[in-house]
Colleague: 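Can you keep this structure in mind? I'll have questions shortly.
Residue numbers start at 1 and run along the sequence shown. Because the structure is a prediction, the values reported are computed rather than measured.
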Amino acid sequence: MPDNFPAVEPHGSLQPIFDDAWFVTGSVVFKPLVRLARNMVVLRHDGELTLINAVRLDAAGLAALDALGKVAHVIRVGIHGMDDGFYVDHYGAKYWSVAGKERADGLTPDHILAVDSPLPVPNARIFLFELTNSPEAALLVERDGGLLVTCDSVQHWAPSDLMSFPAKLITRFMGFMQPAQIGPPWRKAQTPASGTLKPDFERLADLPFTRLIGGHGGLLDNDAPARLRESIAREL
């Protein structure tokens, strides 16, 4: 039976990050002929799965997800949210979101993310940007060297067969394709007039992590803070 949620877009398979943590790279049509890659992170604790930057999967992908555990939580840290409603509806998952991210589909958060939010996975905490024009968060998993999960604020762009050729040209023209890059359109939209986001990013780079994965791009598997500091020096 058809549903009212966005359709499944081309995506890859679940890839391990470390124990009880995976990611899958999906895609989204940004505009005609421009298909971008985007990532979902999956964390597991006590048989329950938490999805961050949700990407709707096809039947085979959902079966692989179900084999890991029960989808119980969906966390939205930034603007990505088009597939959140599908998982909340399909699994009855609890919805966590930063404040101020209104949704046209009326999906209401069960939990508003805060710095001291008790999260559904252990050894994890929320980082909140303090200087952005609208609320934005990141999630830090403090184990196995540390994993920082962002949305559009930091993106580690990498080659992807899921990106269309025009998308590859446009993103390069816009200044993407740098490691641990502060997203150029995101930075423009989120920086206050006559302001700077540098203090926020310096706090972010000081967190204890070695790996980073954003809402777009690929997994940066080592030296992520150093690459982020290079981006801060270059872009801010």
Side-chain angles (χ1 to χ4, degrees), residues 17 21 23 36 38-41 43 50 52-54 74-81 84 96-103 109 111-119 121 123-143 145-158 171 174-236:
I17 302 175
F23 76 98
L36 299 174
R38 58 187 176 117
N39 299 311
M40 174 172 72
V41 172
L43 304 175
T50 297
I52 309 162
N53 297 330
V74 176
I75 296 181
R76 181 183 184 185
V77 295
I79 195 172
H80 291 197
D84 294 351
W96 305 62
S97 178
V98 287
K101 296 296 184 185
E102 294 79 9
R103 294 178 53 93
H111 303 277
I112 297 295
L113 296 175
V115 172
D116 57 353
S117 292
L119 298 176
V121 290
N123 303 313
R125 59 185 165 113
I126 290 294
F127 172 95
L128 287 181
F129 288 82
E130 297 176 350
L131 303 174
T132 50
N133 284 327
S134 64
E136 183 88 13
L139 186 144
L140 174 68
V141 181
E142 295 185 87
R143 61 180 180 85
L147 170 69
L148 184 67
V149 184
T150 61
C151 188
D152 286 349
S153 58
V154 185
Q155 307 169 26
H156 181 63
W157 281 79
T171 51
M174 292 174 66
F176 284 97
M177 303 304 175
Q178 297 288 343
Q181 182 168 22
I182 301 167
W186 180 93
R187 184 180 71 238
K188 181 178 180 180
Q190 288 282 38
T191 303
S194 303
T196 178
L197 299 178
K198 188 173 182 179
D200 272 347
F201 281 98
E202 289 176 336
R203 288 192 302 114
L204 190 66
D206 283 341
L207 295 177
F209 65 97
T210 56
R211 300 176 176 90
L212 180 148
I213 185 165
H216 298 288
L219 172 69
L220 177 53
D221 202 35
N222 56 69
D223 295 328
R227 302 289 81 78
L228 178 54
R229 290 190 181 96
E230 290 171 359
S231 294
I232 293 169
R234 181 180 63 247
E235 300 170 28
L236 299 179

Colleague: Got a donor-acceptor contact below 3.5 angstrom from the R76 side chain to the I79 backbone?
Modeller: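 At least one qualifying donor-acceptor pair exists.
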
Colleague: Heavy atoms only: give me the nearest I213-G218 pair and the separation to one decimal.
Modeller: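 Minimum heavy-atom contact is CG1-O, 4.0 Å.
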
Colleague: Salt bridge (Lys or Arg N to Asp or Glu O under 4.0 Å) between D206 and R229: does it pass, once the steps are laid out?
Modeller: CA-CA 9 Å; D206 283 341; R229 290 190 181 96; 3.3 Å; yes

Colleague: Write down the atom of D84, the atom of A54, and the distance for their closest heavy-atom approach.
Modeller: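 Shortest heavy-atom separation between D84 and A54 comes out as OD1-CB, 3.4 Å.
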
Colleague: Determine whether L128 and P135 make a side-chain contact, defined as any pair of heavy atoms from C-beta on separated by less than 4.5 Å.
Modeller: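 No, every pair of side-chain atoms sits at 4.5 Å or beyond.
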
Colleague: Quick one: sort the H111 and W96 rings into parallel, tilted or perpendicular, breaks at 30° and 60°.
Modeller: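 H111 and W96: parallel rings.
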
Colleague: For side-chain contact (heavy atoms from CB on, under 4.5 Å), just list the numbers for F129 and L204, CA-CA rounded to whole Å, side-chain angles, deciding distance to a tenth of an Å, and then say yes or no.
Modeller: CA-CA 9 Å; F129 288 82; L204 190 66; 4.1 Å; yes

Colleague: Under a 4.5 Å cut-off applied to non-hydrogen side-chain atoms, are T210 and N222 in contact?
Modeller: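 A side-chain contact is absent here, since even the closest heavy-atom pair is not under 4.5 Å.
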
Colleague: Can you check whether R211 reaches V141 side chain to side chain, under 4.5 Å on heavy atoms?
Modeller: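 Counting from C-beta outward, R211 and V141 never come under 4.5 Å.
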
Colleague: Is there a donor-acceptor contact under 3.5 Å from the side chain of Q190 to the main chain of N133?
Modeller: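 Here the side-chain-to-backbone pair exists.
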
Colleague: Is there a donor-acceptor pair closer than 3.5 Å between any side-chain N or O of T132 and the backbone N or O of S134?
Modeller: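 Such a contact is found between T132 side chain and S134 backbone.
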
Colleague: Nearest 0.5 angstrom please: E230 CD to E235 CD, how far?
Modeller: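 It comes to 11.0 Å.
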
Colleague: Which heavy-atom pair separates T191 from G195 by the least distance, and what is that distance?
Modeller: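 That closest heavy-atom pairing would be CG2-O, 3.5 Å.
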
Colleague: Which atoms form the tightest heavy-atom contact between H156 and P179, and what is the distance?
Modeller: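 For H156 and P179, the tightest heavy-atom pair comes out as ND1-CA, 3.4 Å.
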
Colleague: Establish, from distance only, whether the side-chain atoms of W186 and E136 form a donor-acceptor pair under 3.5 Å.
Modeller: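 Note: W186 and E136 side chains meet the donor-acceptor criterion.
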
Colleague: On a heavy-atom basis, which atom in I126 and which in A137 lie closest, and how many Å separate them?
Modeller: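 Reported closest heavy-atom pair: CG2-CB, 4.2 Å.
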
Colleague: Atom CG in L113, atom CG in L139: separation rounded to 0.5 Å?
Modeller: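 The distance works out to 8.0 Å.
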
Colleague: Quick one: does L236's side chain get under 4.5 Å of E202's, heavy atoms only?
Modeller: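 In short, these two side chains do not touch, never coming nearer than 4.5 Å.
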
Colleague: Could you tell me if the side chain of I75 sits less than 4.5 Å from the side chain of V149, heavy atoms only?
Modeller: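 Answer no - side chains too far apart.
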
Colleague: Counting distance only, does the side-chain N/O of N53 pair as donor-acceptor with the main-chain N or O of T150 below 3.5 Å?
Modeller: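 Here the side-chain-to-backbone pair exists.
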
Colleague: Roughly how far apart are L212 CG and D223 CG, rounded to 0.5 Å?
Modeller: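 If I round to the nearest 0.5 Å, the distance is 12.0 Å.
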
Colleague: For L43 and A21, work out which heavy atoms get closest and say how close.
Modeller: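 What the structure gives for the nearest pair is CD2-CB, 3.8 Å.
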
Colleague: Checking the side chain of D200 only, and the main-chain atoms of L131 only, is there a donor and an acceptor separated by less than 3.5 Å?
Modeller: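 Such a contact is found between D200 side chain and L131 backbone.
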
Colleague: Mind checking the CD1-CG spacing from I182 to D152? Nearest 0.5 Å is all I need.
Modeller: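 The CD1 atom of I182 sits 13.0 Å away from the CG atom of D152.
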
Colleague: With a 4.5 Å limit on heavy-atom distance, are the side chains of I17 and F23 in contact?
Modeller: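 Counting from C-beta outward, I17 and F23 do come under 4.5 Å.
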
Colleague: Can you find a pair of side-chain heavy atoms, one from F209 and one from L140, that are under 4.5 Å apart?
Modeller: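 In contact.
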
Colleague: Under a 3.5 Å distance rule, please check whether R227 uses its side chain to pair with a backbone N or O of S231 as donor and acceptor.
Modeller: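 Such a contact is absent between R227 side chain and S231 backbone.
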
Colleague: Looking at CD of E130 and CG of L197, how far apart are the two atoms once the value is rounded to the nearest 0.5 Å?
Modeller: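 The distance works out to 11.5 Å.
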
Colleague: How about H80 and H216: do any of their side-chain heavy atoms sit closer than 4.5 Å?
Modeller: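 Yes. Closest side-chain heavy atoms under 4.5 Å.
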
